[in-house]
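Encoded as structure tokens, the structure appears first; notes follow it.
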Amino acid sequence: MTSASGGADMVDWNLAVATATRLVRPGPEVSRAEAAAVVAQLRRHALEAEEHVRAFTGMRSSSLAEAAATPVLIVDRPGWVRANVAGFRTVVQPLVEKLQARRANSATAGVLGTVGEKATGIEVGALLAFLATKVLGQYETFAPAEPSLEAPDSPAALFDKPRLGPDGPGPGRLLLVAPNIVHVERELDVDPADFRLWVCLHEETHRTQFTAVPWLRDHIQSEVQSFLAETDVDPGALLDRLRDAAGSLGGLPGVGGRGEGTQTSTGLLEIVQSPAQREILGRLTAVMSLLEGHADVVMDGVGPAVVPSVAEIREKFQQRRDRGANRLDLVLRRLLGMDAKLRQYQDGAVFVRGVVERVGMDGFNRVWTSPNTLPTKEEIHDPAAWVARVAR
């Protein structure tokens with residue numbers, strides 16, 4: 001497969017999609033009528049959640065056109081894979097161009113490039129197959145531009161079908177993964193309608209964050225592109241960095257034999273970072289902690305008024321987060337940095353609640369003024385420091 005610029009891509013994206021679709025586990029068993037009812041209810045809840053979130057946070061989209069340009073898609077697991085492949089293709093384009101330039105000076109670039117793209121396509125597909133069973137919802141910051149949907153496979157198709165792109169960057173879109181939502185609500189044995197609205201409240205908060213704060217998407221995109229620009233595509237340098245970090249994997253459960261008492265939180269992304277990338281990632285971590293924590297606070301803050309069983313849902317859901325799954329699942333979560341994401345929810349929520357307790361929601365909303373008013377990585381753990389620097 002070729003990239004938008006006409007050169008060799010570093011991933012065979014079509015193969016990645018095909019691999020993930022083949023490997024991903026099927027969702028829970030439901031009748032077609034049940035599936036249609038779930039999709040319809042999620043669409044209604046997504047619309048309902050929009051007003052609840054705006055009323056609670058005081059945040060409004062900068063324009064009706066901008067809000068309308070960020071669609072809500074109800075997808076199955078293969079649909080989530082397709083959507084994320086489209087996003088990946090959009091965000092990694094600068095890295096692709098660096099690899100293209102390097103290959104242009106190599107006599108064996110053609111053969112090795114094709115082999116590498118297919119091998120990486122299979123690896124990415126296997127990773128997406130694993131993640132496609134975990135995600136309940138997702139705001140795609142780096143979604144491709146419209147048109148974002150392909151025609152359904154049949155007139156009776158239930159789920160939206162995202163395009164693979166590439167179409168260039170678009171305004172974003174919200175995904176709700178219906179099979180995963182049904183799977184978790186059954187596992188937790190909670191009221192389905194309440195749980196679906198609760199999930200929509202969290203994801204709609206992310207949509208509101210980006211539609212009400214016009215500069216936020218460009219800021220994050222700039223940071224991500226800076227991170228990728230610092231990526232060293234020299235295999236020798238990457239190998240040296242991997243060797244330096246190899247010992248950090250010894251604490252993983254089932255790896256190195258040191259047991260679960262000395263687990264490390266190092267993920268694959270951390271292993272291959274340069275010092276400049278660690279600095280950028282520190283800023284990104286703070287922003288993502290803010291966004292995730294804010295969404296958790298909003299979903300629980302709105303919950304009591306519109307989700308009668310919110311306390312039960314939160315308790316059971318948090319127990320599920322803390323418990324994790326089987327041993328292999330825990331290893332993969334640590335390698336992929338998913339444990340770090342769970343900490344972002346917790347750290348960010350503590351920060352948001354700490355600020356709101358001190359200066360109220362209006363005072364907290366000063367965080368959305370500019371990139372300079374975002375919390376630093378240190379301030380995420382010290383709400384009073386952010387209040388002293390910004391809110392007062």
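Just the heavy atoms: all of them, side chains too, but no hydrogens, waters or symmetry mates, feed the values below. Computed from a prediction, not measured in an experiment: that's the story for all the values here.
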Practice task
Would you please test F364 and R358 for side chain to side chain contact (heavy atoms under 4.5 Å, CB included) and show each step?
Solution key: CA-CA 9 Å; F364 166 79; R358 290 169 170 83; over 6 Å; no
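- At least one side-chain heavy atom of T57 sits less than 4.5 Å from a side-chain heavy atom of V298.
- For the side chain to side chain contact (heavy atoms under 4.5 Å, CB included) test, residues two or more places apart in sequence or in another chain that qualify with S289 are T285, Q344, I380.
- The backbone N or O of E34 lies less than 3.5 Å from a partner atom in the side chain of S31, making a donor-acceptor pair.
- For E29, there are no side chain to side chain contact (heavy atoms under 4.5 Å, CB included) partners at least two apart in sequence or on another chain.
- Remark: E223 engages R283 in a side-chain hydrogen bond (donor to acceptor under 3.5 Å, both in side chains) (not counting sequence neighbours).
- Side-chain contact check for H206 and E203: no donor-acceptor pair (N or O, by modelled atom type) lies under 3.5 Å.
- W80 and N180 are not linked by any side-chain donor-acceptor pair at a separation below 3.5 angstrom, with hydrogens and angles left out of the test.
- In this structure A36 satisfies the side chain to side chain contact (heavy atoms under 4.5 Å, CB included) test together with L158, sequence neighbours excluded.
- Inter-residue side-chain proximity for L15 and W13 is flagged as unmet; no heavy-atom pair is nearer than 4.5 Å.
- Remark: H52 engages E48 in a side-chain hydrogen bond (donor to acceptor under 3.5 Å, both in side chains) (not counting sequence neighbours).
- Judged as a salt bridge (charged side-chain N to carboxylate O under 4.0 Å, His left out), the pairs with a partner in residues 187-202 (not counting sequence neighbours) are, in order, E185-R196, E187-R320, E187-R323.
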Problem - Stepwise salt bridge (Lys or Arg N to Asp or Glu O under 4.0 Å) check, R82 with D160 - result: CA-CA 11 Å; R82 292 172 64 86; D160 296 315; over 6 Å; no
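- T208 pairs with exactly one of R54, E50, R60 by the side chain to side chain donor-acceptor pair (under 3.5 Å) rule, that one being R54.
- Q138 and N84 are linked by a side-chain donor-acceptor pair at a separation below 3.5 angstrom, with hydrogens and angles left out of the test.
- Side-chain atoms of V302 and T205, non-hydrogen and from C-beta on, never get closer than 4.5 Å to each other.
- In this structure, H294 has its ring center at least 6.0 angstrom away from the ring center of F351.
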